[in-house]
Amino acid sequence: MYALVDCNSFYANCEKLFRPDLRGKAVVVLSNNDGCVVARSSEAKQLGLKMGVPYFQVKEFCEKNDVTVFSSNYTLYVDMSHRVMSTLEKLCPTVEVYSIDEAFLYLADYPTAMTDLDSYGRKLKSIVEQYTGIPVCVGMGSTKTMAKLANYAAKKHPATKGVCVLDNLRWIRRIMQITDVGEVWGVGRRYKVRLNKMGIHTVYQLSICEPAKIRQHFGVVLERTCLELNGQSCLGIEAVEAKKQIISSRSFSTRISCPDELSQAVCSHAAKAASKLRKQDSVCHYLSVFAKNSPFSKTESYISISGQCQFITPTADTRVMVAAARQILMQIFVEDIRYAKAGVMLFDICQHDEVQPDLFAEDSNDNKQCTQSAKSAEVIAVMDQLNKRYGQNSNQQSAVFIASEGIKDKQSWQMSRDMLSPCYTTNINQIPKVD
DNA sequence: TCTGGGGTCCTAGGACCC
DNA sequence: TCTGGGGTCCTAGGACCC
């Protein structure tokens, strides 16, 4: 038996938490650069605001309807997420944090939960809400896909009061019959269209399909989904593993054509990606750089430039990676493009102690390479320590950084976050005050 | 004027091996 | 004139997730 605990309108409720004046009011949170609506409070959903809609299209609507709008404040959401997850970890021995706002709990080995699933689910819900202030819904089922379905039902149907247990066949069939197949975990927009064409519209209809037939048409992934809907568990609790690829990228608040500005952006992304890489004790073999103009422009054709390089000795050294990124950008740069976004990707990642040394490295006999890499590791470690200790300034710039990243204060293209809330829980200067 | 930023897995097809 | 059978590895692209 699995439970899925999912926070309701997570970002929107994080924003509401420290703003009692917004109780009962519509709140939306925007993506980076204040681009799209990515979270809506229940009141905002009732007003008909859609997920993913560009903000400029609904800005006027929000003003007219007294909707409070926030730029995304990831520092706040990540901290609140930790609080929710650590609360769950106190309540169940096996927790898989699946995303910033949801976690799977494995209940089969946990007798306390199994004796009365419904009351255990309600206990989870009320304790998380009491400890963190974040409302959640709980779904339970014999597989992860069923727990997802149960969670959807708990959110959708008020009669469940936020907790839904799918443990008897009649009830399971009923829920499946009234739920659209597009709501199933693993069925996206494309698959929904194709399933509809085959006459499959409800979850129930998918569940009674011959799994082999589903495999034939859609592949092994959806076949597993189909099996999971029949109670055959194909997905287990997964441990946290090191990332196999790392990306750092951002859109600019204004278009860029100047190579120096683009280079500063790319260098910052290289530095950020390198830092992420070190946090998981990894090194990488390949680094790629990309930049593109807006795919939405009606007057310009969509152009994307990219290039990559290989490190003979895999690395996580910021200086090496920033230099490589700069060099790639110089090779691929095209003039007269209004660049809207740039980024750096790292591939072929492995743990730093699993590195295969270079057979043809110069002076391998007297171990020059080792000495050098040890020195480089020392320098970077000092940099990381300083940055950890002194954190970032108000422009999100680290205490110690590579000069070619430029000074963020002076970069007019840095992403805009015009409606940013305070970091209530992580910055002592921004802690909420009670008058 | 203004449209996010991460990730994962699977498959098909080509290159290449013996 | 006729040209096998079995395998691996890599990459690009497509689907999905939040």
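Per chain, numbering begins at 1; letters A, B, ... match sequence-line order.
More than 12 heavy-atom neighbours from other residues, nucleotides or ligands sit within 6.0 angstrom of CZ on A/Arg194.
Residue A/Asn32 places its side chain closer to B/dG4 than to any other of B/dG6, B/dT11, B/dG4. Of all nucleotides listed (C/dC16, B/dG4, C/dC18), B/dG4 comes nearest to the side chain of A/Ser31. The side chain of A/Cys36 lies closest to B/dG4, out of B/dG6, B/dG4, B/dG7. Here C/dA15 is the nucleotide among C/dA15, B/dG7, B/dT11 with the atom lying nearest to any side-chain atom of A/Arg194. Listed candidates were B/dC10, B/dG7, B/dC9. Nearest to the side chain of A/Lys244 is B/dC9. Closest to the side chain of A/Tyr191, from the set B/dG4, C/dC16, B/dG5, is C/dC16. The side chain of A/Arg190 sits closest to C/dA15 out of B/dG5, C/dA15, B/dT3. Relative to the side chain of A/Phe56, the nucleotides B/dG4, B/dT3, B/dG6 differ in distance, and B/dT3 lies closest. Nearest to the side-chain atoms of A/Ile246 among the listed nucleotides B/dC2, B/dG7, C/dC18 stands B/dG7.
The residue A/Tyr98 sits close only to the backbone: its heavy atoms come under 4.0 Å of sugar-phosphate atoms, none of a base. Among the protein residues, A/Thr254 comes within range of no part of the nucleic acid, since none of its heavy atoms lies under 4.0 Å from any strand. Residue contacts for A/Lys59: at a heavy-atom cut-off of 4.0 Å it reaches no nucleic acid atom on any strand shown. Residue-level contact check: A/Val53 touches neither bases nor backbone, having no heavy atom under 4.0 Å from any strand. Heavy atoms of A/Val184 sit under 4.0 angstrom from primed sugar atoms or phosphate atoms, though from no base atom.
When rounded to the nearest whole Å, the span between CG of A/Asp101 and C1' of B/dG7 equals 15 Å. Atom P of nucleotide B/dT1 and atom CH2 of A/Trp413 are separated by 24 Å, given to the nearest angstrom. The interatomic distance linking A/Arg189 (CZ) with C/dG14 (P) rounds to 15 Å, in whole Å. The separation between A/Gln57 atom CD and B/dG4 atom P is 11 Å, rounded to whole Å. Rounded to a whole Å, the CZ atom of A/Arg255 is 8 Å from the C1' atom of B/dC2. Put simply, CD on A/Glu183 is 10 Å from P on C/dC18, counting in whole angstrom units. Following rounding to the nearest Å, A/Arg215 (CZ) and B/dT11 (P) show an atom-to-atom distance of 7 Å. To the nearest angstrom, C1' of C/dC17 lies 12 Å from NZ of A/Lys144.
Look at C/dC18: its Watson-Crick or wobble partner, with both distances under 3.5 angstrom, is B/dG5.
In this structure, A/Met51 and A/Val221 both approach DNA chain B, and ranking their closest nucleotides by distance from the 5' end singles out A/Met51. Heavy-atom nearest nucleotides on DNA chain B were determined for A/Phe252 and for A/His269, and the one closer to the 5' end corresponds to A/Phe252.
Checked options A/Tyr2, A/Tyr152, A/Tyr98; the residue passing with A/Trp185 is A/Tyr98 (criterion: ring-ring contact (aromatic ring centres under 6.0 Å, His included)).
Side-chain contact check for A/Gln411 and A/Gln414: at least one donor-acceptor pair (N or O, by modelled atom type) lies under 3.5 Å.
Distances shorter than 4.0 Å separate none of the side-chain N or O atoms of A/Arg224 from OP1 or OP2 on B/dC9. Phosphate contact (OP1/OP2 of B/dG6, side-chain N/O of A/Lys276, threshold under 4.0 Å): present. The shortest distance between the side-chain N/O atoms of A/Ser249 and the OP1/OP2 oxygens of B/dG6 is below 4.0 Å. Residue A/Lys192 places no side-chain N or O under 4.0 Å from the OP1 or OP2 atom of C/dC16. Here A/Lys148 does not reach the OP1 or OP2 of C/dC16: none of its side-chain N or O atoms lies under 4.0 Å away.
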Steps toward side-chain hydrogen bond (donor to acceptor under 3.5 Å, both in side chains) verdict (A/Ser421, A/Glu15):
CA-CA 7 Å; A/Ser421 55; A/Glu15 296 293 350; 2.7 Å; yes
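Cation-pi geometry between A/Lys144 and A/Phe104 is met: under 6.0 angstrom from the ring centre, within 45 degrees of the axis.
In this structure, the side chains of A/Cys36 and A/Val53 stay at 4.5 Å or more apart for every pair of heavy atoms.
Taking 4.0 Å as the cut-off between side-chain N and carboxylate O, A/Lys125 and A/Glu129 count as a salt-bridged pair.
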